[in-house]
A.B. asks: 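Let me begin by handing over the structure; questions about it come next.
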Amino acid sequence: MKRNIILFVVLMMSCFVTHASNVELTVSAPQIVGMNQQFRLVFNVKNASAEELQIPDLSAFDILAGPSTSTGKSVSIINGSMTTTTNSAITYILSPKKVGTFTISSARLPHEGKTLVSNAVTIKVVEANQNNASSQGGQSRAQQATNSNISDQDIFIRTEYTKKKVYEQEQIIATIKLYHRGNVSGLNEVNLPEYKGFVAQDIELNDNNRYGDETYNNSRYKTFILKQTVLFPQRAGTLEIEQGSVSVTAQVQNNRRRRGGFFDMDDFFNTYNVNKVVKIPSAKIEVMSLPTEGKPQNFNGAVGSFKMESSINTETLKANEAVTIKLKISGNGNLKFAKIPEFTFPNDFEVYDPKVDTKIKASSSGVSGSKSVEYLAIPRYEGEFTIPAATFSYFDPQKKRYQTLSTGEYVLNVQKGEGGSGSNQVISNYSNKENIKYLGKDIRFINSNNIDLSPKDDFLYGSTTYWMFFICPALLLLVLYIVYRKQAAENANIANVRNKRANKMAKKRLKIAEQHLIAANKSAFYEELLKALSGYISDKLTIPVAELNKDNIEAKLKSSCVSDETTKELLDILDTCEFARYAPVESGNSMETLYEKTIDIISQLEEQVKK
């Protein structure tokens with residue numbers, strides 16, 4: 001019986017339960033705040049969902065934290081009628097950027113086909129000392145309690161340079177390092193300085209190399225390396241490295257005491273994120289000119305510490321056989337841009353283009369590696385030949401003087417080739433064309449073999465020679481006509497002509513891009529690199545420039561049997577160039593690396609694209 005009575009009461013109460021029909025959207029904020037002071041901007045939504053809330057423009061303030069959403073529900077019974085009210089609070093923690101009076105316009109919230117509009121709020125930003133006197137009227141105690149700042153001793157950035165007084169082309173290492181004592185949860189806007197007047201090569205770092213602990217000014221800090229770069233100054237004088245900035249998000253502990261209450265907004269944030277803009281300090285590098293005293297004539301700008309070695313595969317060979325000389329220069333410095341010495345071969349040697357293999361790596365100790373060159377030549381005649389020594393000069397900044405390396409000369413003994421090749425021939429010495437040398441016998445004997453004689457006045461008419469005078473020109477004209485027709489047909493095929501000239505045009509543009517690379521002209525470099533690659537793709541794949549896009553390029557490469565790996569690398573290079581043109585920022589890939597990748601990808605396409 002008792003259970004039935006309770007059930008009846010519950011059913012009767014449910015008949016009177018209603019939901020509040022009044023829907024509200026309001027905004028609250030302090031009227032007066034001080035510079036460098038944090039405050040709360042709260043959007044209160046009553047009896048509606050806050051998911052589609054449209055926040056007004058807050059660009060006049062720095063957003064330190066938020067949005068953070070909290071919800072609550074209250075139930076009231078009046079005269080037997082139960083009313084349920086839901087409340088949502090969307091909170092931002094802001095900090096003013098400058099002194100003045102600012103108005104935050106109304107927020108908007110779509111609800112059941114209508115749009116709720118909140119009140120606008122006006123905030124007066126005063127100097128910090130002025131706010132101390134007015135804070136009692138303009139802020140609550142809870143709002144004052146959130147005014148905690150991160151000092152420049154808690155978070156700052158230093159740039160370490162291995163040297164600040166160097167010679168031209170001497171490498172220095174710049175390390176941009178973040179120091180902090182709290183918890184850093186993220187990096188937002190990173191504006192790293194541009195190294196104008198330098199050729200820069202980024203050092204790839206993993207997480208193990210980036211993080212560390214360090215004592216600075218008798219305080220212990222956690223450190224994070226933002227970037228490490230090897231710099232090569234390109235001109236003498238004082239080169240200024242401009243200032244940069246990084247927006248750091250750090251966690252701040254709210255140390256105020258909790259207050260009682262079922263739903264207290266002051267207890268909601270025990271810790272919150274704060275954004276702080278940290279400056280990257282500028283610097284000045286004093287660059288000294290290379291000394292003129294003792295400067296070798298063959299010096300081509302190499303600066304560092306190097307060693308050179310060479311070898312030859314043989315010093316005794318036969319005519320028409322190949323001889324190979326290998327030369328290797330290794331060490332630390334600007335080897336990548338240094339000119340490799342050349343061997344001077346005799347004039348009667350057939351010399352091929354050298355094969356160059358460059359292995360350069362940038363690390364925390366600088367740029368080091370090697371350049372290997374392989375020279376191939378073929379002597380056509382027998383004799384003894386001398387190949388003079390090759391020399392390489394560089395400036396050593398540690399010893400402050402020029403150094404010259406030499407390979408030593410090679411003497412080749414070229415013997416008579418098979419089948420009499422290279423014998424009884426007149427040749428010229430490689431050093432002087434006027435010096436004539438006879439090989440073989442220098443006295444010719446009278447021919448004693450059978451000799452065909454013809455009458456003195458025998459006429460040419462009717463002979464084989466006579467008819468050959470007519471047949472040979474006719475055959476020559478026929479051959480020329482066939483060649484001409486074939487060439488005309490090929491030129492008529494525009495696609496074929498463009499395919500043939502693709503590589504040639506790309507090489508011309510890449511040479512221009514290389515000049516911009518050496519001059520550290522980023523914008524022009526990326527633009528010329530993009531032109532070279534786009535022009536090559538357009539000519540090679542017969543795609544009009546107006547129709548060059550990822551889909552067309554990818555489809556054309558696939559139909560030409562180009563590998564997926566090559567296609568992906570090509571599209572990545574195009575994306576990098578296009579992004580760097582309109583939003584030039586530092587990336588994982590340096591300009592030099594991108595230039596080498598472009599040359600490599602064109603070589604791969606030359607091999608893989610079917611004609």
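Given the structure is predicted, the values throughout are model-derived calculations rather than measurements.
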A.B. asks: Donor-acceptor pair, distance only, cut-off 3.5 Å: does the side chain of Arg210 make one with the backbone of Phe224?
C.D. replies: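 Such a contact is absent between Arg210 side chain and Phe224 backbone.
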A.B. asks: Passes side chain to side chain contact (heavy atoms under 4.5 Å, CB included), Phe385 versus Phe345? Steps please.
C.D. replies: CA-CA 9 Å; Phe385 303 92; Phe345 289 91; over 6 Å; no
A.B. asks: Got a sec, which pairs hit side-chain hydrogen bond (donor to acceptor under 3.5 Å, both in side chains) with one end in residues 290-305, sequence neighbours left out?
C.D. replies: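 Those involving residues 290-305 are Asn298-Thr391, Asn298-Ser393.
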A.B. asks: Under a 4.5 Å cut-off applied to non-hydrogen side-chain atoms, are Leu510 and Tyr536 in contact?
C.D. replies: no
A.B. asks: Applying side-chain contact (heavy atoms from CB on, under 4.5 Å), can you list everything that pairs with Lys508, at least two apart in sequence or on another chain?
C.D. replies: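 With neighbours one apart ignored, the set is Lys504.
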A.B. asks: With a 6.0 Å cut-off on ring centres, are Tyr221 and Phe156 close enough?
C.D. replies: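 Between Phe156 and Tyr221, which both carry aromatic rings, the centre distance is below 6.0 Å.
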A.B. asks: What residue among Phe395, Tyr394, Phe392 forms ring pair (Phe, Tyr, Trp, His ring centres under 6.0 Å) with Tyr402?
C.D. replies: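 Checked Phe395, Tyr394, Phe392 against Tyr402; only one passes ring pair (Phe, Tyr, Trp, His ring centres under 6.0 Å): Phe395.
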A.B. asks: Go through Glu214 and Arg220 one step at a time and tell me if the salt bridge (Lys or Arg N to Asp or Glu O under 4.0 Å) criterion holds.
C.D. replies: CA-CA 6 Å; Glu214 187 176 325; Arg220 194 68 177 170; over 6 Å; no
A.B. asks: With sequence neighbours excluded, what pairs up with Tyr595 under the ring-ring contact (aromatic ring centres under 6.0 Å, His included) test?
C.D. replies: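 In terms of ring-ring contact (aromatic ring centres under 6.0 Å, His included), with neighbours along the sequence ignored, Tyr595 is linked to no residue.
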A.B. asks: Could you tell me the separation between the OG atom of Ser372 and the CG atom of Leu327, rounded to the nearest 0.5 Å?
C.D. replies: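 Atom-to-atom, Ser372:OG and Leu327:CG are 8.0 Å apart.
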A.B. asks: Drop me the distance from Ile157's CD1 to Asp152's CG, to the nearest 0.5 angstrom.
C.D. replies: 11.0 Å
A.B. asks: Look at the aromatic rings of Tyr375 and Phe343 and report parallel, tilted or perpendicular, splitting at 30° and 60°.
C.D. replies: perpendicular
A.B. asks: Go through the structure and list residues passing side-chain contact (heavy atoms from CB on, under 4.5 Å) with Lys359, not counting sequence neighbours.
C.D. replies: Asp357, Ser370
A.B. asks: Without hydrogens or angle criteria, can the side chains of Asn217 and Ser219 be said to hold a donor-acceptor pair below 3.5 Å?
C.D. replies: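 Checked: Asn217/Ser219 side chains show no N/O donor-acceptor pair below 3.5 Å.
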A.B. asks: Run Ser310 and Tyr410 through side chain to side chain donor-acceptor pair (under 3.5 Å) and show every step you take.
C.D. replies: CA-CA 11 Å; Ser310 67; Tyr410 293 105; 2.8 Å; yes
A.B. asks: Nearest 0.5 Å please: distance from the CD atom of Glu592 over to the CD1 atom of Ile518.
C.D. replies: 10.0 Å
A.B. asks: Could you pull out the closest heavy-atom pair between Ala506 and Ile602, with the gap in Å?
C.D. replies: CB-CD1, 4.0 Å
A.B. asks: Please give me the minimum heavy-atom distance between Glu315 and Ile312, naming the atom from each residue.
C.D. replies: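 The pair with the smallest heavy-atom distance is CG-CG2, 3.9 Å.
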A.B. asks: At their closest point, which heavy atom of Thr229 faces which heavy atom of Ala200, and how far apart are they?
C.D. replies: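 So the minimum-distance heavy-atom pair works out to CG2-CB, 3.6 Å.
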A.B. asks: Quick check: closest heavy atoms across Ile176 and Thr159, and the distance to 0.1 Å?
C.D. replies: CG1-OG1, 3.9 Å
A.B. asks: Are the side chains of Ile360 and Leu335 in touch, meaning some heavy atoms are under 4.5 Å apart?
C.D. replies: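 Yes, close enough: below the 4.5 Å cut-off.
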A.B. asks: Report the residues that fulfil salt bridge (Lys or Arg N to Asp or Glu O under 4.0 Å) with Glu286, sequence neighbours left out, ordered by chain and then residue number.
C.D. replies: none
A.B. asks: Show which side-chain atoms of residues 230-241 pair as donor or acceptor with protein atoms under 3.5 Å away, not counting sequence neighbours.
C.D. replies:
residue: Gln234; atom: OE1; partner: Gln169; partner atom: NE2; Å: 3.1
residue: Gln234; atom: NE2; partner: Phe232; partner atom: O; Å: 2.8

A.B. asks: How close do Ala362 and Val367 get, counting heavy atoms only, and between which atoms?
C.D. replies: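 Residues Ala362 and Val367, closest heavy atoms: CB-CG2, 4.1 Å.
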A.B. asks: State which residues pass salt bridge (Lys or Arg N to Asp or Glu O under 4.0 Å) with Asp213; sequence neighbours excluded, sorted by chain then number.
C.D. replies: none
A.B. asks: Does Lys307 have more than 12 heavy atoms from other residues, nucleotides or ligands lying within 6.0 Å of its NZ?
C.D. replies: no
A.B. asks: State the CG-CD distance between Leu205 and Gln228, to the nearest 0.5 angstrom.
C.D. replies: 5.0 Å
A.B. asks: Might you work through the side chain to side chain contact (heavy atoms under 4.5 Å, CB included) test for Ile203 and Ile173, ending with a clear yes or no?
C.D. replies: CA-CA 9 Å; Ile203 298 173; Ile173 300 173; 4.2 Å; yes
A.B. asks: Closer than 3.5 angstrom, by distance alone: can the side chain of Asn334 be matched with the main-chain N or O of Ala302 as a donor-acceptor pair?
C.D. replies: no
A.B. asks: Using a strict threshold of under 4.0 Å (side-chain N to carboxylate O), is an ion pair present between Glu242 and Lys196?
C.D. replies: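 The answer is yes: the pair qualifies as a salt bridge.
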A.B. asks: Report the C-alpha distance between Lys163 and Glu170 in whole Å, list the side-chain angles of each, state the deciding distance to 0.1 Å, and finish with yes or no for salt bridge (Lys or Arg N to Asp or Glu O under 4.0 Å).
C.D. replies: CA-CA 10 Å; Lys163 286 184 177 182; Glu170 181 183 357; 2.6 Å; yes
A.B. asks: Could you check whether any side-chain N or O of Lys177 sits under 3.5 Å from a backbone N or O of Lys227, counting only pairs where one atom can act as donor and the other as acceptor?
C.D. replies: no
A.B. asks: Going by salt bridge (Lys or Arg N to Asp or Glu O under 4.0 Å), name the residues that satisfy it together with Lys371, two or more places apart in sequence or in a different chain.
C.D. replies: none
A.B. asks: For Thr566, what residues pass the side-chain contact (heavy atoms from CB on, under 4.5 Å) criterion, not counting sequence neighbours?
C.D. replies: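 Result, side-chain contact (heavy atoms from CB on, under 4.5 Å) vs Thr566: Val562, Ser563, Ile601, Gln604, Leu605, Gln608.
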A.B. asks: Show me the pairs that pass salt bridge (charged side-chain N to carboxylate O under 4.0 Å, His left out) and involve residues 552-569, at least two apart or across chains.
C.D. replies: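 Matches after skipping sequence neighbours: Lys568-Asp572.
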A.B. asks: Once you round to the nearest 0.5 Å, how far does OG of Ser247 lie from CG of Leu187?
C.D. replies: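 That separation rounds to 8.5 Å.
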A.B. asks: Apply side-chain contact (heavy atoms from CB on, under 4.5 Å) to Ile512 and list each qualifying residue two or more places apart in sequence or on a separate chain.
C.D. replies: His516, Glu528
A.B. asks: Between atom CD1 of Ile537 and atom CD1 of Ile543, what is the distance when rounded to the nearest 0.5 Å?
C.D. replies: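 It comes to 7.5 Å.
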A.B. asks: So, are Asp348 and Arg380 salt-bridged, with charged N and O less than 4.0 Å apart?
C.D. replies: no
A.B. asks: Hey, can you tell me if Tyr179 and Tyr216 have their rings parallel, tilted or perpendicular (30° and 60° cut-offs)?
C.D. replies: tilted
A.B. asks: Could you report the tightest heavy-atom contact between Leu594 and Cys577, atom names first, then the distance?
C.D. replies: CD2-SG, 3.8 Å
A.B. asks: Does some side-chain heavy atom of Tyr161 sit less than 4.5 Å from a side-chain heavy atom of Ile285?
C.D. replies: yes
A.B. asks: Are more than 12 heavy atoms from other residues, nucleotides or ligands located less than 6.0 Å from atom NZ of Lys336?
C.D. replies: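 For Lys336, atom NZ is crowded (more than 12 foreign heavy atoms under 6.0 Å).
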A.B. asks: Taking side chain as C-beta onward, heavy atoms only, is Pro379 less than 4.5 Å from Leu412?
C.D. replies: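 No. Closest side-chain heavy atoms not under 4.5 Å.
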A.B. asks: Mind checking what makes salt bridge (Lys or Arg N to Asp or Glu O under 4.0 Å) contact with Lys328, not counting sequence neighbours?
C.D. replies: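 By the salt bridge (Lys or Arg N to Asp or Glu O under 4.0 Å) rule, Lys328 matches no residue at all.
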A.B. asks: Evaluate the side-chain proximity of Asp396 to Val303: yes if any heavy-atom separation is below 4.5 Å, no if none is.
C.D. replies: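 They are not in contact (no side-chain heavy atoms under 4.5 Å apart), so the answer is no.
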A.B. asks: Are Leu376 and Ile325 close enough that some pair of their side-chain heavy atoms sits under 4.5 Å apart?
C.D. replies: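 SC-SC contact between Leu376 and Ile325 ruled out.
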A.B. asks: With side chains defined as the heavy atoms from C-beta onward, is the minimum distance between Glu342 and Val351 less than 4.5 Å?
C.D. replies: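 Contact flag for Glu342/Val351 side chains = no.
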A.B. asks: Taking the side chain as every heavy atom from C-beta outward, state whether Lys400 and Tyr167 have any pair of such atoms under 4.5 Å apart.
C.D. replies: yes
A.B. asks: Over 60° means perpendicular and under 30° means parallel, so tell me whether Phe198 and Tyr195 are parallel, tilted or perpendicular.
C.D. replies: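 Phe198 vs Tyr195 ring planes: perpendicular.
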